[in-house]
Amino acid sequence: MSSGETVPTITIADAGRHVGMKVRIAGWLYNLRKSGKIVFPLVRDGSGIMQCVAVKSALPEELFEQIKDLTQESSIIVTGKVRAEQRAPGGYELDIENVEVIQRVPVEDPYPITPKEHGIEFLMDHRHLWLRSRRQHAILRVRHEVIRAVRDYFDSHGFTLIDTPIFTPSACEGTTTLFEVNYFDDEKVYLTQSGQLYAEAAAMAFGKVYCFGPTFRAERSKTRRHLTEFWMVEPEMAYADLEEVKRVAEELVVYVVGRVLENRRKELNELERDVSKLECIQAPFPRITYDDAVRELQAKGSNIQWGSDFGGTDETLLSEAHDRPLMVDRFPSAVKAFYMQPDPERPEVALGVDVLAPEGYGEIIGGGQRIHDLDLLLRRIEEHGLPKEAFSWYIDLRKYGTVPHGGFGMGIERCVAWLCGLEHVRETIAFPRMLYRTRP
RNA sequence: UCCUCAGUAGCUCAAUGGUAGAGCAUUCGGCUGUUAACCGAAGGGUUGCAGGUUCGAGUCCUGCCUGAGGAGCCA
């Protein structure tokens, strides 16, 4: 090797293409197994984990001692030759020739997350470090794939991305779940609960749009399905009726599941997800009306009455009978938001739809047709006790070329929790915000 | 907000009202193919906080704090 030649730095995911070559891997010490005069440092670099081998007889004394005494999560750059090795966890192994220690984690203050088990409180307190573990890595990569797939779906189906504001002067869901922001002098401003109202305005300009961003709900809820800050994608389509909304929702879910199966098999395996439960997610999804759902629930022993919304156990009871998402439509108008279009043949029910994920994961999508008639919208705003002034721009949309339209919102975290088969949505976002959790 | 449960070593957990213990982690020693390596030894404690009952409280009682699970509501 000439003095000008440099050793290439590779990623561990790419190791298979460098067998027999001398390479550099820049990363962190994941774990170290010792066996006398041979040690096996496991190095992770963000793309994967690689088992390395250091043999005492093959290295300078000082270097071998340094490797042997490395501490967990010390930052290191290892140099060596890649070799295919069946005994190594990833199928490849690196014979260490040199190790450059960027920072050795001090023994008196060791890395807190050991390879053994930990409780959820401890892990959540160390979320900033927990992200380094294999499991969290796999989950967040699935999340990334879900988001990419969602964007690709809409981008390739004629939708324009319109980012909607996070500070808003008005509510779109219940007014009790608003986060107030004390900054603006003139008026009360809140963190958005949904980009929908603005997406409706954009749909009247662009036809088909979607927004994707964080949303905030000050619900005093503490369950495995709730975050106070969560991400939602919301398509909105001019001239779309309820049936079209359902068709797009179904197509989107099938596409997203397909993409995760196509590109994130390894991560699903790491999570020990039963992929057969995802492979059967194909159109058409079963469809049922709210009326039939209530009858079915009552037959199964639920004490739900017509007119009230489903509880979590009701959703589970309904969805467990199916191996694919269940679409429930025509809910009682009274339990739904003010903008829901009533069914012209039965005004007591709204042209809205919920999509319930299988395996008890509950509602992942909610949407429907919006009210396009000016007088009806004004009446509903009044009935719900909402401030008309704050909605003046929204009302304008019904004055200037109003058309039937609709859309839906899909919660990213619930989707990811379902696809990964997780117990709780808190692991589906890097830094979850919950009722009693705002750190780290 | 309501209901239920929990809080003991850095972590995960034991301990009839009667001497606070184990595994992992850490340190030291051993081991040339380990797979959450293994074997031996050592150090490590204001039992969440404040009161109370008792000869004696990690254990029983009261209040508070923190967390978890669930309900309602929602994506």
Side-chain angles (χ1 to χ4, degrees), chain A residues 30-42 49 51-59 64 68-69 71-72 83 85-91 93 95 105-126 133-135 172-177 193-196 214-234 249 308-316 331 335-337 354-357 361-367 408-418 423-426 428-429 434-437:
Chain A
Y30 191 76
N31 197 7
L32 184 82
R33 289 189 280 266
K34 288 183 237 190
S35 181
K37 297 181 179 63
I38 182 168
V39 298
F40 300 92
L42 288 161
I49 295 175
Q51 174 164 295
C52 305
V53 192
V55 177
K56 185 168 182 166
S57 57
L59 294 169
F64 184 78
K68 195 169 67 92
D69 290 336
T71 47
Q72 196 190 355
R83 182 165 42 77
E85 171 60 78
Q86 286 205 326
R87 289 172 292 186
E93 200 168 71
D95 288 316
V105 174
V107 289
E108 63 274 14
D109 190 9
Y111 185 72
I113 303 179
T114 64
K116 281 279 182 174
E117 352 163 338
H118 302 278
I120 192 64
E121 183 183 359
F122 179 81
L123 289 169
M124 289 304 293
D125 284 342
H126 295 84
S133 75
R134 293 174 194 235
R135 179 183 161 83
C172 4
E173 303 295 330
T175 46
T176 53
T177 65
Q193 299 166 305
S194 158
Q196 181 200 313
T215 47
F216 307 86
R217 305 231 175 132
E219 288 159 358
R220 309 294 292 176
S221 49
K222 232 178 83 64
T223 80
R224 64 186 63 195
R225 300 191 308 280
H226 285 88
L227 298 171
T228 51
E229 178 183 325
F230 66 97
W231 287 66
M232 188 157 63
V233 61
E234 296 175 275
S308 60
D309 215 337
F310 299 138
T313 47
D314 291 328
E315 287 186 352
T316 305
F331 284 80
V335 299
K336 287 291 175 183
D354 281 359
V355 180
L356 308 181
Y361 279 93
E363 186 180 353
I364 51 168
I365 284 176
F408 61 86
M410 182 171 84
I412 295 298
E413 287 78 12
R414 285 190 184 176
C415 230
V416 174
W418 164 46
E423 281 290 300
H424 200 297
V425 290
R426 66 186 156 215
T428 64
I429 185 165
M434 295 177 290
L435 187 50
Y436 298 115
R437 175 70 62 180

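Reminder, nothing fancy here: chain letters follow the sequence lines and each chain counts from 1.
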Quiz item: Can you find a donor-acceptor pair, distance only, under 3.5 Å between A:Q51 side chain and B:rU34 base?
Solution: yes
Quiz item: Side-chain contact, heavy-atom cut-off 4.5 Å: A:H424 with A:E413?
Solution: no
Practice problem: Check if the side chain of A:E93 and the base of B:rG33 share a donor-acceptor pair of N or O atoms closer than 3.5 Å. | Solution: yes
Exercise. Could you work out which one of B:rA68, B:rC74, B:rA36 sits closest to the side chain of A:N31?
Key: B:rA36
Quiz item: By centroid distance (under 5.5 Å) and plane angle (under 30°), are A:F40 and B:rG33 in a stacked arrangement?
Solution: no
Quiz item: With both distances kept under 3.5 Å, what pairs with B:rU4, Watson-Crick or G-U wobble?
Solution: B:rA68
Quiz item: In the strands shown, is B:rU16 matched to any nucleotide by a Watson-Crick or G-U wobble pair with both distances under 3.5 Å, and which?
Solution: none
Self-check item: Side chain to side chain, A:R426 and A:I120, heavy atoms closer than 4.5 Å
Solution: yes
Practice problem: Verify the contact: side-chain N or O of A:K222 to OP1 or OP2 of B:rA68, cut-off strictly under 4.0 Å; return yes or no. | Solution: yes
Practice problem: Would you state whether a donor and an acceptor, one from the side chain of A:H118 and one from the base of B:rC11, lie under 3.5 Å apart? | Solution: no
Quiz item: Would you call the rings of A:F122 and A:H126 parallel, tilted or perpendicular, where under 30° means parallel and over 60° means perpendicular?
Solution: tilted
Self-check item: Which residue lies more 5' along RNA chain B, comparing A:R426 with A:E363 via nearest heavy atoms
Solution: A:R426
Quiz item: Given that both distances must come in under 3.5 Å, which nucleotide forms a Watson-Crick or G-U wobble pair with B:rC73?
Solution: none
Practice problem: Please report the shortest heavy-atom distance between A:T428 and A:A417, naming the atom on each side. | Solution: CG2-N, 3.6 Å
Quiz item: Mapping A:E423 and A:K34 to their closest nucleotides on RNA chain B, which lands nearer the 5' end?
Solution: A:K34
